[in-house]
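Notes to accompany the following structure.
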Amino acid sequence: MIKRNIVTSEDGSKTLRLEDFDESYHSMFGALSESRHIYIGCGFNYLMELLPPQNKISILEVGLGTGLNCLLTALDVKGLKGIEVDYTTVEKYPVTKEEALALDHPSLFENNREEAAGLSMEIHSSPWGIKTNIMPHFSLLKVEDDLIRFIDKEINPNVQKYQFDLIYFDAFAPDIQPELWSADVFRKIFEVTKPGGILVTYSSKGIVKRALREAGFIVSRLKGPKGKRHVLRAVKELL
Ligand SMILES: C[S@@+](CC[C@H](N)C(=O)[O-])C[C@H]1O[C@@H](n2cnc3c(N)ncnc32)[C@H](O)[C@@H]1O
């Protein structure tokens with residue numbers, strides 16, 4: 001179990017912080033603003049513009065954590081017609097239901113707080129290891145595992161059945177978990193990414209860019225949210 005506590009970021013949204021590592025689950029300039037900008041703006045919305053309106057898309061999130069990226073994605077999907085989402089997430093240190101309640105993310109959605117509360121509850125109480133429909137057109141599979149094991153087809157041959165359109169790569173920082181940001185891990189992620197699929201992440205460090213390129217992705221730097229100059233979007237070219 002890792003020791004963490006709840007903190008409030010600059011935009012009023014709460015997140016978790018690991019005091020021992022001086023690391024938070026989101027930017028302290030704004031957890032909600034960061035998630036919206038990077039994963040929804042540069043990832044989900046960008047992909048929606050490229051795809052035909054009737055579509056089924058498959059998302060992988062590395063690190064479900066507080067569930068904020070999943071909640072934002074589900075709320076967006078609710079407002080879209082004809083989109084079906086399969087959301088898979090791999091998480092090594094699940095957040096407890098008590099922590100999820102204390103984070104109180106539904107209060108961030110003034111206009112649809114009840115809907116957000118229902119979805120947040122589904123996200124955090126749905127069973128691990130079982131694909132569950134948390135709302136119409138949105139299935140969630142939470143895998144409690146280490147990314148390094150999950151993504152390795154020698155250890156987990158099941159991973160080969162996936163072909164993701166979109167990857168939210170939201171592990172702890174490369175300084176803290178260098179093993180997760182390696183070319184080897186990105187190569188394995190590349191293998192389960194559809195041609196034309198994209199990966200978005202908050203770190204734009206040189207080692208991350210190089211590792212993504214080494215794995216085969218075409219990498220671009222995009223404007224970051226408050227407090228972060230750049231973020232990355234990596235694309236697997238169409239064949
Ligand atoms: C920066 S936090 C982001 C969490 C989440 N996306 C959110 O919005 O709250 C990193 C997440 O990666 C998870 N994690 C750390 N190491 C992992 C590993 N080896 N495999 C899978 N998940 C891991 C952590 O437990 C944490 O939930």
Side-chain angles (χ1 to χ4, degrees), residues 1-9 11 13-44 59-76 87-97 99-106 108 116 119-120 123-124 128-129 140-152 155-156 159 166-182 184-186 188-189 192 199-205 208 224-225 227-228 231-232:
M1 184 61 197
I2 46 177
K3 221 170 76 199
R4 53 197 175 200
N5 50 326
I6 291 174
V7 288
T8 303
S9 66
D11 67 3
S13 53
K14 292 187 184 130
T15 188
L16 290 166
R17 185 164 179 79
L18 308 176
E19 293 304 341
D20 293 347
F21 295 91
D22 190 22
E23 171 80 350
S24 51
Y25 277 46
H26 299 93
S27 159
M28 290 309 294
F29 286 101
L32 178 64
S33 339
E34 182 192 46
S35 281
R36 271 202 176 127
H37 181 103
I38 305 173
Y39 300 102
I40 303 302
C42 303
F44 185 74
I59 300 177
L60 170 67
E61 179 175 25
V62 173
L64 173 70
T66 66
L68 187 55
N69 293 335
C70 183
L71 177 60
L72 289 173
T73 308
L75 286 169
D76 261 22
Y87 197 103
T88 301
T89 178
V90 55
E91 171 57 65
K92 190 171 179 183
Y93 311 106
V95 158
T96 64
K97 286 185 195 132
E99 284 172 318
L101 275 176
L103 284 161
D104 194 20
H105 283 159
L108 302 170
L119 279 171
S120 179
I123 292 167
H124 290 287
W128 290 87
L140 174 63
L141 172 62
K142 302 190 297 187
V143 180
E144 186 173 355
D145 204 350
D146 189 315
L147 172 69
I148 291 185
R149 280 177 39 82
F150 171 78
I151 206 69
D152 188 332
I155 301 173
N156 174 26
V159 76
L166 175 59
I167 294 121
Y168 298 159
F169 196 90
D170 200 10
F172 292 130
D175 298 349
I176 296 177
Q177 297 192 295
E179 69 284 5
L180 296 188
W181 303 79
S182 67
D184 184 45
V185 167
F186 288 137
K188 288 171 182 154
I189 291 181
V192 293
L199 176 152
V200 274
T201 190
Y202 66 90
S203 176
S204 63
K205 283 194 155 221
V208 177
K228 182 162 278 297
V231 297
L232 295 183

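Bear in mind the structure is a predicted one, so any value in this text is a computation, not a measurement. Every number for a ligand or one of its atoms is a count from 1 in the order of the listing.
- With respect to Glu34 and Lys228, no salt bridge is recorded, no charged nitrogen being found less than 4.0 Å from a carboxylate O.
- Residues forming a side chain to side chain contact (heavy atoms under 4.5 Å, CB included) with Lys205 (at least two apart in sequence, or on another chain): Pro174, Asp175, Ser203, Ile207, Val208.
- Listed by chain and residue number, Asp11, Ser13 satisfy the side-chain hydrogen bond (donor to acceptor under 3.5 Å, both in side chains) test with Ser9 (two or more places apart in sequence, or in another chain).
- Counting only heavy atoms from C-beta outward, the side chains of Glu179 and Ile148 approach each other to under 4.5 Å.
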Tabulation required: pairs of a nitrogen or oxygen in ligand 1 and a protein nitrogen or oxygen under 3.5 Å; columns are atom names and distance to 0.1 Å; otherwise 'none'.
residue, atom, partner, partner atom, Å
ligand 1, 6 (N), Glu61, OE2, 2.9
ligand 1, 6 (N), Gly63, O, 2.7
ligand 1, 6 (N), Asn69, ND2, 3.4
ligand 1, 6 (N), Asp170, OD2, 2.7
ligand 1, 8 (O), His26, NE2, 2.9
ligand 1, 9 (O), Thr66, N, 2.7
ligand 1, 9 (O), Thr66, OG1, 2.7
ligand 1, 16 (N), Gln177, NE2, 2.7
ligand 1, 19 (N), Asp146, OD1, 3.1
ligand 1, 20 (N), Leu147, N, 2.9
ligand 1, 22 (N), Lys92, N, 3.3
ligand 1, 25 (O), Glu91, OE2, 2.4
ligand 1, 27 (O), Gly65, N, 3.4
ligand 1, 27 (O), Glu91, OE1, 2.6
ligand 1, 27 (O), Glu91, OE2, 3.4

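- The only option from Leu72, Leu71, Leu140 that meets the side chain to side chain contact (heavy atoms under 4.5 Å, CB included) definition with Leu119 turns out to be Leu71.
- For Thr73, the side chain to side chain contact (heavy atoms under 4.5 Å, CB included) criterion is met by Ile40, Phe44, Ile59, Val77, Tyr87, Phe138, Tyr168, not counting sequence neighbours.
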